Amino acid sequence: MCGIIGYTGKETALPLILGGLERLEYRGYDSAGVALIEGNKLVVEKQVGKIRELVKSLWGKPYKGKTGIGHTRWATHGEPSTENAHPHTDEKEEFAVVHNGIVENYLELRKELQKQGVKFRSATDTEVIAHLIARSYRGDLLDAVLEVVNKLKGAFAFAVITVHEPNRVIGVKQGSPLVVGIGEGENFLASDIPAILPYTRKVITLGDGEIADITPEGVNIYDFEGNPITKDITLVPWDIISAEKSGFKHFMLKEIYEQPKAVGDTIRGLISGEEELPFSLKEFRRILVIACGTSYHAGLIGKFWIEKYSGVPTEVVYASEFRYGDFPVSEEDLILAISQSGETIDTKFAVNYAKEKGAKTLAIVNVVGSSIDRESDYTLHTHAGPEIGVAATKTFTAQLTALYYLASSSHPQREKLTSELMKVPSKIETLLDKSEEIESLAQKFMKKRDFLYLGRYLSYPIALEGALKLKEISYIHAEGYPAGEMKHGPIALIDENMPVVVIAPQDRVYEKTLSNIEEVKTRKGIVISVGFEGDQKLEKLSDYFLKVPPLEEDLTPFLTVVPLQLLAYHIASKLGLDVDQPRNLAKTVTVE
Ligand code: M6R
């Protein structure tokens, strides 16, 4: 988490850095700051809160420097405060550092520096980097950085500037993401591509253990020993429009509406054959799906499909639990890591662990060139485009697309199954066109404090996902449960105040789910059901009915999730909450 950006070039750095920080704000927004080289001085400006607070505090200040760094923070070490906000400097304020990730041995380094008389101004792990670089500096910033990086432990990325070399920014990547943007007479560093998209689509994705030395004239990449490395420049396939709101009130709403395209593009990418896997799922003894949050819910649905179409036993494990459990993993297993960002640290560690044990690793990621993409043996890419809203929506349905495609790849009727999948984008489109009633439903329910979401079989993970969407953006307590488990506990919660969202498409468990609805009604619960258009039985039984177009049983999750995304969105939006940047969260979770 945290977003960092660096610029050196022909333009005034400040507006470019602030614009870039706004596009990185999804990574964290507790505080923000910039450091600029102004003449022979370093100026540092920081504010607690969102980027707009920093922008306000800078109004009217005549900064003209052409080199600078910026940061938006998701606090790990040290509370959100001005002292702890980045950039951090050395004692003489000649070096400034912005940092993402954690320096695990910072306490040890801090104590050593304190013994040498260094006075610390913050509680962060970052400040040690600034002091260490200042102490190692003997006229060349790269040499100083090389001396310091080998002392740091942990997963991090940082950028540093100094008054002594006003046209130079150095960036280091070890575990946390960092890309270099190549411009004309200017160059950039950033945690993520959208930050620099208005200026360039040419990027170099740094690998772990790599350092980028950027000046307005060029970029050089080195390893931690100082050896030069040749890297490919890639052309980002998206333009800035895909990373902007295009008339929608929030990114989340725009991204919900982009789902037909995300699913369609992902199908096209997969069937183009570029990512054909050189193995069949049936070769494995077991498949272990590893993921977090929404990606985990996609994995739960993928399990049903994989077991149905390939017959290979499949388990789905939270990456954070997998890492510290004693899961027996061997060469006979396939580890399937699902991550939108490709940077979630727990998922990344799980991939590394599985590789050590000799298992084959396959990833489903949205961000090309991300750590999990690079570190897995094979990748299936989703083509959802950049997802900026913290709540995952279009990347979820794109992940389902890749999972369905993968699961059906070892089935004799593969082509028939793919043509079924191709019907999904237009069905989602139809559903989105007829979704106005969800806004008025949101108005009715926005004051409720608790929700229960129920579903069986493929609709159980959708219940979990619907509840996650609601709680993360509206701060309303919501619980997802298998509908059949309700009578083993949660039924005690049901009374006339409890909204119960039941996902009930006409599938193999439809009748069972109707019985669960009866149980809720008997206890006076308020039933909001999601079911097939024309299902009068369900409509009659429910207090509110959200319809989706009928579709083949296996594919229903692609549709049933959409009204739940919209319900969560409209409730949060009507409550006036910050839908795209909910409190305490960040889009990419690069801390354990
Ligand atoms: O980038 P990833 O898919 O690995 O992220 C996993 C979770 O952090 C993510 O899905 C999170 O739960 C979302 N905010 C949910 O909307």
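Predicted, not measured: the structure shown is a model, and the values here were computed from it. For ligands, and for the atoms within them, numbers begin at 1 and follow the listed sequence.
At least one heavy atom of Lys469 sits less than 4.0 Å from an atom of ligand 1. Distances from ligand 1 to the non-hydrogen atoms of Thr347 include no value under 4.0 Å.
Ring orientation note: the planes of Phe445 and Tyr544 are nearly perpendicular, at an angle over 60° on the 30°/60° scale.
Using a 3.5 Å distance cut-off with no hydrogens or angles, the side chains of Gln399 and Ser295 do pair a donor with an acceptor. Counting only N and O atoms by type, the side chains of Ser371 and Glu343 include a donor and acceptor under 3.5 Å apart. Side chain to side chain, Gln259 and Gln565 meet the donor-acceptor criterion of an N or O pair below 3.5 Å. Under 3.5 Å, the side chains of Asp346 and Tyr318 contain no donor-acceptor pair of N or O atoms.
Taking a cut-off of under 4.0 Å to the non-hydrogen atoms of Ser295, the atoms of ligand 1 that pass are 2 (P), 3 (O), 10 (O). Applying the 4.0 Å criterion to heavy atoms of Ala391 picks out, from ligand 1, the atoms 16 (O). Taking a cut-off of under 4.0 Å to the non-hydrogen atoms of Ser339, the atoms of ligand 1 that pass are 1 (O), 2 (P), 3 (O), 4 (O). Those atoms of ligand 1 with a heavy atom of Glu472 less than 4.0 angstrom away are 13 (C), 14 (N), 15 (C), 16 (O).
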Phe322 vs Tyr353, ring pair (Phe, Tyr, Trp, His ring centres under 6.0 Å): CA-CA, chis, key distance, verdict = CA-CA 10 Å; Phe322 175 76; Tyr353 170 82; 5.6 Å; yes

Intermediate values then yes/no, side chain to side chain contact (heavy atoms under 4.5 Å, CB included), Ile69 and Ile17 | CA-CA 7 Å; Ile69 51 178; Ile17 291 174; 5.7 Å; no

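What sits closest to atom 6 (C) of ligand 1 on the protein, heavy atoms only, is Cys292 O, 3.4 Å. Nearest protein neighbour of atom 4 (O) of ligand 1, counting heavy atoms only, is Thr344 OG1, 2.4 Å. Ranking the protein heavy atoms by distance from atom 9 (C) of ligand 1 puts Thr294 N, 4.1 Å first. Looking at atom 12 (O) of ligand 1, its nearest protein heavy atom turns out to be Gly293 CA, 3.3 Å. Among all non-hydrogen protein atoms, the one lying nearest atom 1 (O) of ligand 1 is Ser341 OG, 2.6 Å. In terms of protein heavy-atom proximity, atom 8 (O) of ligand 1 is closest to Val589 CG2, 4.0 Å.
Looking at ligand 1, you won't find any N or O of Gly342 less than 3.5 Å from one of its N or O atoms. Where the criterion is an N or O separation shorter than 3.5 Å, residue side chain and backbone included, Gln399 fails it with respect to ligand 1. In terms of polar-atom proximity, defined here as any N/O pair under 3.5 Å, Ala392 does make such a contact with ligand 1.
Tyr481 and Tyr460 have their aromatic ring centers separated by at least 6.0 angstrom. A centroid separation of 6.0 Å or more is found between the aromatic rings of His477 and Phe451. Within the 6.0 Å centre-distance limit, the rings of Phe284 and Phe279 are counted as a close aromatic pair.
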